[in-house]
Chemist: 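Shown below is the structure under consideration.
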Amino acid sequence: MNYWNSFLYAVDGLGHALRTERNTRLFMFVYCITLLLGGFLKINLVDWRWVIFSGAAFLAVELLNTAMERFVDAFHTHSSKQEDIHYEALKVTKDVAAAASLVLALGWAAILVMIFLPYVQGTIA
């Protein structure tokens with residue numbers, strides 16, 4: 001497999017998440033608004049780095065959460081009733097992956113508040 005094919009598979013994965021995951025679409029909408037706001041407020045280069053990195057980190061964790069959910073769902077769908085003893089472990093796996101997204105979403109929100117609040121306050125004053 002060459003690098004181009006690997007890139008195309010990754011783009012397909014991102015496209016799948018955008019088509020099927022409401023939270024991914026919501027994040028991308030808010031992230032685009034955030035980028036527009038950063039341009040409007042003319043945030044400095046260091047702040048841009050934080051906005052871009054924290055947004056990319058959240059998107060990456062959200063994509064991993066989606067992958068984990070799909071894997072767990074596929075495993076559970078193909079397991080027999082005798083393997084339902086794994087149900088609780090599968091549920092915990094999905095819950096912990098979702099918690100990782102939640103933790104990073106809260107961190108991303110905190111970063112945005114710390115970055116944008118001084119700009120907004122300076123614009124208002």
Side-chain angles (χ1 to χ4, degrees):
M1 173 184 319
N2 63 36
Y3 293 113
W4 181 248
N5 286 341
S6 296
F7 174 77
L8 293 177
Y9 292 142
V11 170
D12 284 346
L14 179 59
H16 171 80
L18 288 169
R19 284 188 308 277
T20 63
E21 295 296 315
R22 177 181 39 93
N23 289 342
T24 303
R25 288 191 304 274
L26 176 62
F27 166 74
M28 290 302 289
F29 175 76
V30 172
Y31 192 51
C32 288
I33 298 297
T34 300
L35 296 175
L36 291 171
L37 182 61
F40 175 76
L41 294 173
K42 297 178 176 37
I43 65 175
N44 67 44
L45 183 60
V46 173
D47 290 340
W48 272 117
R49 289 176 186 157
W50 279 106
V51 168
I52 291 169
F53 176 76
S54 62
F58 175 76
L59 180 59
V61 168
E62 187 62 27
L63 292 171
L64 288 171
N65 178 43
T66 298
M68 183 68 69
E69 287 178 356
R70 295 294 180 278
F71 179 80
V72 167
D73 289 347
F75 178 84
H76 191 253
T77 300
H78 289 81
S79 66
S80 69
K81 292 293 180 194
Q82 295 142 352
E83 293 175 358
D84 262 354
I85 59 171
H86 299 296
Y87 175 79
E88 188 61 31
L90 294 171
K91 180 187 179 315
V92 169
T93 300
K94 289 175 75 167
D95 292 350
V96 171
S101 288
L102 175 62
V103 167
L104 198 49
L106 294 173
W108 180 63
I111 287 171
L112 294 182
V113 168
M114 288 186 285
I115 288 174
F116 285 109
L117 191 59
Y119 288 98
V120 171
Q121 288 174 335
T123 304
I124 294 172

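Predicted model only: the values in this text are computed from it and were never measured.
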Chemist: Atom CD in E62, atom OG1 in T24: separation rounded to 0.5 Å?
Modeler: 4.5 Å
Chemist: According to a hydrophobic-cluster definition based on side-chain heavy atoms being under 4.5 Å apart (Ile, Leu, Val, Met, Phe, Trp, Tyr only), do I52 and I33 belong together?
Modeler: yes
Chemist: Tell me the ring pair (Phe, Tyr, Trp, His ring centres under 6.0 Å) pairs involving residues 32-66, sequence neighbours left out?
Modeler: F27-F58
Chemist: Give me each pair satisfying salt bridge (charged side-chain N to carboxylate O under 4.0 Å, His left out) with a member in residues 95-116, each pair once, sequence neighbours excluded.
Modeler: K91-D95
Chemist: Under 4.5 Å between side-chain heavy atoms, chaining through other members, with only Ile, Leu, Val, Met, Phe, Trp and Tyr counted: pull out the rest of the cluster around W4, sorted by chain and number.
Modeler: F7, L8, V11
Chemist: Any idea which heavy atoms bring R19 and R25 closest together, and the distance?
Modeler: O-NH1, 3.0 Å
Chemist: With side chain to side chain contact (heavy atoms under 4.5 Å, CB included) as the criterion, how do W108 and V30 come out once you've worked through the C-alpha distance, each side chain's angles and the decisive distance to 0.1 Å?
Modeler: CA-CA 11 Å; W108 180 63; V30 172; 3.6 Å; yes
Chemist: Return the set of residues passing side-chain contact (heavy atoms from CB on, under 4.5 Å) with V103 (not counting sequence neighbours), or none when no residue passes.
Modeler: none
Chemist: Is there a side-chain contact between V51 and I111 in this structure, where contact means two heavy atoms from C-beta onward sitting under 4.5 Å apart?
Modeler: no
Chemist: Hydrophobic clustering (ILVMFWY, side-chain heavy atoms < 4.5 Å, transitive) - are L112 and L106 grouped together?
Modeler: no
Chemist: With sequence neighbours left out, what residues match D12 under salt bridge (charged side-chain N to carboxylate O under 4.0 Å, His left out)?
Modeler: none
Chemist: Only counting residues at least two apart or in another chain, list the ones meeting side chain to side chain donor-acceptor pair (under 3.5 Å) with N23.
Modeler: none
Chemist: Identify whether L35 and V46 are in the same connected component of the hydrophobic contact network (ILVMFWY, side-chain heavy atoms under 4.5 Å).
Modeler: yes
Chemist: Strictly distance-based, threshold 3.5 Å: is any side-chain N or O of Y31 a donor or acceptor partner for the main-chain N or O of L59?
Modeler: no
Chemist: Using 0.5 Å steps for rounding, measure from the OG1 atom of T34 to the CE atom of M28.
Modeler: 11.0 Å
Chemist: Tell me, which pairs form a salt bridge (charged side-chain N to carboxylate O under 4.0 Å, His left out) where one or both residues lie in residues 35-52, sequence neighbours left out?
Modeler: none
Chemist: Would you kindly confirm whether V61 and F71 end up in one hydrophobic cluster when ILVMFWY residues are joined by side chain heavy atoms under 4.5 Å apart?
Modeler: no
Chemist: Would you please name every residue forming a ring pair (Phe, Tyr, Trp, His ring centres under 6.0 Å) with F29, sequence neighbours left out?
Modeler: none
Chemist: Does N65 reach the main-chain N or O of A98 with its side chain, forming a donor-acceptor pair under 3.5 Å?
Modeler: yes
Chemist: Could I get the full list of side-chain contact (heavy atoms from CB on, under 4.5 Å) partners for L41, not counting sequence neighbours?
Modeler: L37, I43, F116, Y119, V120, T123
Chemist: Restricting to side-chain contact (heavy atoms from CB on, under 4.5 Å), what partner residues turn up for V92, sequence neighbours left out?
Modeler: E88, V96
Chemist: May I have all residue pairs that pass salt bridge (charged side-chain N to carboxylate O under 4.0 Å, His left out) and include part of residues 106-122, sequence neighbours excluded?
Modeler: none
Chemist: Could you pull out all residues at least two apart from R70 that satisfy salt bridge (charged side-chain N to carboxylate O under 4.0 Å, His left out)?
Modeler: E21
Chemist: Do L102 and L63 belong to the same hydrophobic cluster, where Ile, Leu, Val, Met, Phe, Trp and Tyr are linked whenever their side-chain heavy atoms lie under 4.5 Å apart, directly or via other members?
Modeler: no
